[in-house]
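Since the structure comes first, as structure tokens, the remarks are kept for the end.
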Amino acid sequence: GKSFGAAIGKVTEMASPNLNLHISKEGEAEKSIGSWANALSGNSVTVYEPADYNAADPVYKMKIWDKDDNLIEEKEIRINDIDPSNADSYELYALSVYGEKSGKNKDAVLSFVLAQDLKETEHYGSGGGYDLGVKENWLDIVNKIMKQQFEVGSMDGYVRFKEFLDYLSK
């Protein structure tokens, strides 16, 4: 067998009811390095590393689709300008992708998705209507999750979120 990554490497788009993931197509100048779909909003996001990527000043491109798979926004995200104490979900997702890709936090994307899920559940239940563009203090959110993990005796979870918090705090 092939690894999951090798098997999915040729996929350019995945979909399930109301959720779509967009992945680079062969020959495109920009390479997708992360895709995420939010079940409550129905939005999907792809982060691209541009051909002129500069590791000293990382800037990613991001495309956002709505629940009907219409491209609704394209923007640049300057990683060094993201403030985790005042960032929206799109910015924090890009920062999490960067954390994994750069080796600064190996579980950043998973930690982000779990934090996003908890935040949505606390604020909105399962009712939807969530705006991913709302600025949040992610340091407080992750710190709360870290403490919850400790209180229930989940040391693996505690360490995961402690490492994520340390990464976001730098």
Side-chain angles (χ1 to χ4, degrees), residues 3-8 14 16-23 32-49 55-60 62-65 67 75-170:
S3 71
F4 177 75
I8 200 165
M14 294 176 67
S16 66
N18 299 322
L19 297 176
N20 295 293
L21 293 177
H22 298 266
I23 304 167
S32 67
I33 56 173
S35 293
W36 165 59
N38 181 271
L40 283 182
S41 70
N43 287 10
S44 62
V45 177
T46 301
V47 175
Y48 297 88
E49 184 176 284
D57 185 22
V59 177
Y60 290 151
M62 179 177 280
K63 293 182 182 179
I64 304 167
W65 290 265
K67 63 182 173 50
K75 60 183 176 177
E76 287 189 345
I77 306 253
R78 187 171 299 287
I79 298 301
N80 294 333
D81 291 347
I82 297 172
D83 174 5
S85 70
N86 187 33
D88 64 27
S89 297
Y90 300 120
E91 293 166 328
L92 206 78
Y93 178 65
L95 184 61
S96 299
V97 169
Y98 173 77
E100 281 194 16
K101 186 167 182 348
S102 66
K104 295 180 182 197
N105 185 249
K106 65 181 174 63
D107 288 327
V109 172
L110 175 60
S111 297
F112 161 76
V113 170
L114 294 171
Q116 175 72 31
D117 184 56
L118 176 77
K119 180 173 61 90
E120 288 176 352
T121 301
E122 283 188 350
H123 289 291
Y124 303 97
S126 58
Y130 183 69
D131 182 357
L132 298 172
V134 172
K135 300 280 186 176
E136 304 273 358
N137 185 336
W138 288 89
L139 300 176
D140 286 350
I141 293 166
V142 174
N143 191 42
K144 180 179 181 178
I145 297 169
M146 184 182 76
K147 287 179 180 178
Q148 288 172 338
Q149 294 295 305
F150 184 80
E151 289 170 4
V152 299
S154 173
M155 290 301 110
D156 288 345
Y158 173 82
V159 169
R160 169 184 287 122
F161 285 103
K162 172 76 170 101
E163 289 173 352
F164 190 47
L165 183 62
D166 289 347
Y167 165 65
L168 295 178
S169 298
K170 293 181 180 177

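- Every residue meeting the ring pair (Phe, Tyr, Trp, His ring centres under 6.0 Å) condition with Trp65, not counting sequence neighbours, appears here in chain and number order: His22.
- Side-chain contact check for Asp140 versus Lys144: every heavy-atom pair is 4.5 Å or farther apart.
- Taking CG from Asn38 and OH from Tyr90, the interatomic distance works out to 7.5 Å, rounded to the nearest 0.5 Å.
- Ion pairing between Asp166 and Lys170 fails under the 4.0 Å rule for side-chain N and carboxylate O.
- For the pair Glu163 (side chain) and Arg160 (backbone), a donor-acceptor distance under 3.5 Å is absent.
- To the nearest 0.5 Å, atoms CG (Asp83) and CG (Leu139) are separated by 7.5 Å.
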Original post:
Stepwise, does the side-chain contact (heavy atoms from CB on, under 4.5 Å) test hold for Gln148 with Leu118?
Top reply: CA-CA 11 Å; Gln148 288 172 338; Leu118 176 77; 3.8 Å; yes
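- Put simply, the side chain of Ser32 never gets that close to the backbone of Gly34: no donor and acceptor are under 3.5 Å apart.
- A donor-acceptor contact shorter than 3.5 Å links the side chain of Glu100 to the backbone of Val109.
- With rounding to the nearest 0.5 angstrom, the CD atom of Gln116 is 10.0 Å from the OG atom of Ser96.
- Atom NZ in Lys147 sits 14.0 Å away from atom CD in Gln149 (nearest 0.5 Å).
- Under a cutoff of 6.0 Å and an axis angle of 45°, Lys63 and Tyr48 form a cation-pi pair.
- Checked against Tyr93 for a ring-ring contact (aromatic ring centres under 6.0 Å, His included), the options Phe112, Tyr60, Tyr98 give a single hit: Phe112.
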